[in-house]
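Here is the naming used below: chain letters follow the sequence lines, and residue numbers restart at 1 for every chain. Quick note: numbers below take in every heavy atom, side chains included, and nothing from hydrogens, waters or symmetry partners.
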Amino acid sequence: MTDKIRVRFAPSPTGFLHIGGARTALYNYLFTRRHNGKFIFRIEDTDQTRSTDEYIEAIIDGMKWLGLSWDEGPFRQTQRQDVYLSHVQKLLEQGKAYYCYCSADVLEKKRELAMTQKRPPGYDGTCRELKNPPTDAVNPVVRFKMPTVGETTVSDLIRGNVTFNNNTLDDFIILRSDGMPTYNFVVVIDDIDMGITHVIRGDDHLNNTPKQIQIYQALGCPVPLFAHLPMILGADKKRLSKRHGAVSVSAYRDMGYLPEALLNYLVRLGWSHGDQEVFTMQEMIDAFALDKVGSSSTVFNPEKLLWINAEHIKKHSPEELIPLVMPFLIEQCIVGSEYSPDIDWLSKAIATLIERSRTLVELAHSLRYYISDDIKIDETAGKKFLNNDTLPLLNSVITSLKELKDFSAASIEKLFIDLMAKHDVKLGKLAQPIRVALTGNTVSPGIYEVLELLGKEISINRIQKAINSISNSE
RNA sequence: GGUCCCAUCGUCUAGCGGCCAGGACACGGCCCUCUCAAGGCUGAAACACGGGUUCGAUCCCCGUUGGGAUCACCA
């Protein structure tokens, strides 16, 4: 386990980077960083009809946002045609592959028939020993000649040895009739070419692995070590999909999640390190080990992700949170894009909200009454706390506040204590109407802090406005 | 259907022959308290089933059941 380790993350660009892909990328990343290896990023785009530049960009963006940096790539398979073709040629010459003239239509029929008769639907080998190829046939495909006897064992770091009987493996297509090689072939060539030592990927590839091992062997190349990760499922134990809610990494970015929080949640899905739940990236790198990865599938739990995100928000200083929350303040129209905040003041405001924000979206939302003067009073809150009963209290507070020289939380607290005694009320009676007048709602950080941060002028204005609205409505 | 994988609280998991089966999220209660959070304490909650092996099985073996994956000129 030294500097020879080379791993890769090789998503197919058929959509955006999703949660499952992100975890696969993360495990590859952690494994290679842990062992000082190289992390190669490769795009599996042999299916031209489904791969778009937009998707490729989205995946790259996702990786960058997560901070999963790679050492080589991103490579694209469509740019490596010559390499694949020469290997196909080699197998053909050695009799380890053959041309197949069966049409896609015929094959489709046979497959359906096999399925209805409950037989295995693999290729039946019609062209395997063909002596006289049809002269009029156009564009044959090339199939790999799979051994019909013996068995193939996948040595998997997570599952141990998994053995397949070779007679269950069929002669799969390695080169399409349009001249494009297929995934199961290309992935092997690339992994050989790029010197991949450990293939860490989703469980869904386990059944492909014996076929790929046969290619390695036909080519006379050493087989890498495999590690097949358990699937991530939705709450209904079905493969995670849009039906279960947000599944793309970008969606979580937009919902105000921190990349390190997403990664932290993901790393615990299938892996654990004692009782530790919260990890920094460095801690993950130091603790991660493939042999501690579990083998049973896992269920994605958004609630726990939310909790982890809150934990990571708490790890940041208010100053660090400013640039992170800024896009959300703009998004929510709380500030314009030209807004240049008073860092000192904004940090103090954020400090009061860190414990109360599980996402950056929530943080931005709560920041509204500090930053914007456009406060709407919640209807039920207004009715309950801004009325004729509370009017004398509001008047009393505003009068005292106007005379207060030192508008600090400490002085304000003293003032409130005096007022409580004067009116013979508990703090709640005093604080809630003020809170509603100041923030528009019944929920906020401590009332003294809010007053101090808002400052004398704005506080008095808002309370006055509330008083006026009561007077006007009566 | 064939092949392959998997099986501890609702969920993520610890456990690697002898534990009151531990932790975390979520949930309930209490405390703190100007609201809401945060925090502290606390409660409820699991070894799928059946056979073996063993002095003893959550743990090892086999089977059953259940779930998942895969069987394309997709990746």
When rounded to the nearest Å, what value does the distance between [atom1] atoms of [N] and [M] take?
{"N": "B:U53", "M": "B:G1", "atom1": "P", "value": "33 Å"}
{"N": "B:C25", "M": "B:G39", "atom1": "P", "value": "8 Å"}
{"N": "B:U3", "M": "B:G22", "atom1": "C1'", "value": "38 Å"}
{"N": "B:C12", "M": "B:A26", "atom1": "P", "value": "16 Å"}
{"N": "B:U13", "M": "B:C62", "atom1": "P", "value": "24 Å"}
{"N": "B:A24", "M": "B:C19", "atom1": "P", "value": "23 Å"}
{"N": "B:G10", "M": "B:C49", "atom1": "P", "value": "13 Å"}
{"N": "B:U70", "M": "B:C27", "atom1": "P", "value": "34 Å"}

**OP:** Identify, with sequence neighbours excluded, every residue that meets ring-ring contact (aromatic ring centres under 6.0 Å, His included) alongside A:Y84.
**Re:** none
Original post:
Listed by chain and number, what are the ring-ring contact (aromatic ring centres under 6.0 Å, His included) partners of A:W307, not counting sequence neighbours?
Top reply: none
According to side chain to side chain donor-acceptor pair (under 3.5 Å), who are the partners of [X], at least two apart in sequence or on a separate chain?
{"X": "A:D389", "result": "none"}
{"X": "A:E413", "result": "none"}
{"X": "A:E449", "result": "none"}

**OP:** Give, ordered by number, those residues of residues 185-193 of chain A having at least one heavy-atom distance below 4.0 Å to an atom of RNA chain B; if nothing qualifies, reply none.
**Re:** none
Original post:
Heavy atom of residues 347-370 of chain A under 4.0 Å from RNA chain B: which residues?
Top reply: A:E355, A:R356
Original post:
Does any pair with a residue in residues 156-168 of chain A pass salt bridge (Lys or Arg N to Asp or Glu O under 4.0 Å), and if so which ones, sequence neighbours excluded?
Top reply: A:R159-A:D203
**OP:** Return the nucleotide paired to B:C9: Watson-Crick means purine N1 to pyrimidine N3 with N6-O4 or O6-N4, wobble means G-U with N1-O2 and O6-N3, both under 3.5 Å.
**Re:** none
Original post:
Which nucleotide, in any strand shown, forms a Watson-Crick or G-U wobble pair with B:G1, with both distances under 3.5 Å?
Top reply: B:C71
Subject >> Proximal nucleotide (of B:A26, B:C73, B:G68) relative to the A:R111 side chain >> reply: B:C73
**OP:** Considering just the side-chain nitrogens and oxygens of A:K314, establish if one lies under 4.0 Å of OP1 or OP2 belonging to B:G39.
**Re:** yes
Atom pairs under 3.5 Å: protein N/O with N/O of nucleotides 11-13 of chain B:
residue: B:C12; atom: OP1; partner: A:V299; partner atom: N; Å: 2.9
residue: B:C12; atom: O2'; partner: A:R268; partner atom: O; Å: 2.8
residue: B:U13; atom: OP1; partner: A:G270; partner atom: N; Å: 2.4
residue: B:U13; atom: O3'; partner: A:S272; partner atom: OG; Å: 3.2

Please tabulate, one pair per line, each protein N/O and nucleotide N/O from nucleotides 43-45 of chain B that are separated by under 3.5 Å, including the distance.
none

If you restrict it to nitrogen or oxygen atoms, what contacts under 3.5 Å exist between nucleotides 60-62 of chain B and the protein, and what is each distance?
none

Return all side-chain donor-acceptor pairs below 3.5 angstrom for residues 291-299 of chain A, not counting sequence neighbours, or 'none' if the list is empty.
residue: A:T298; atom: OG1; partner: A:M231; partner atom: O; Å: 3.4

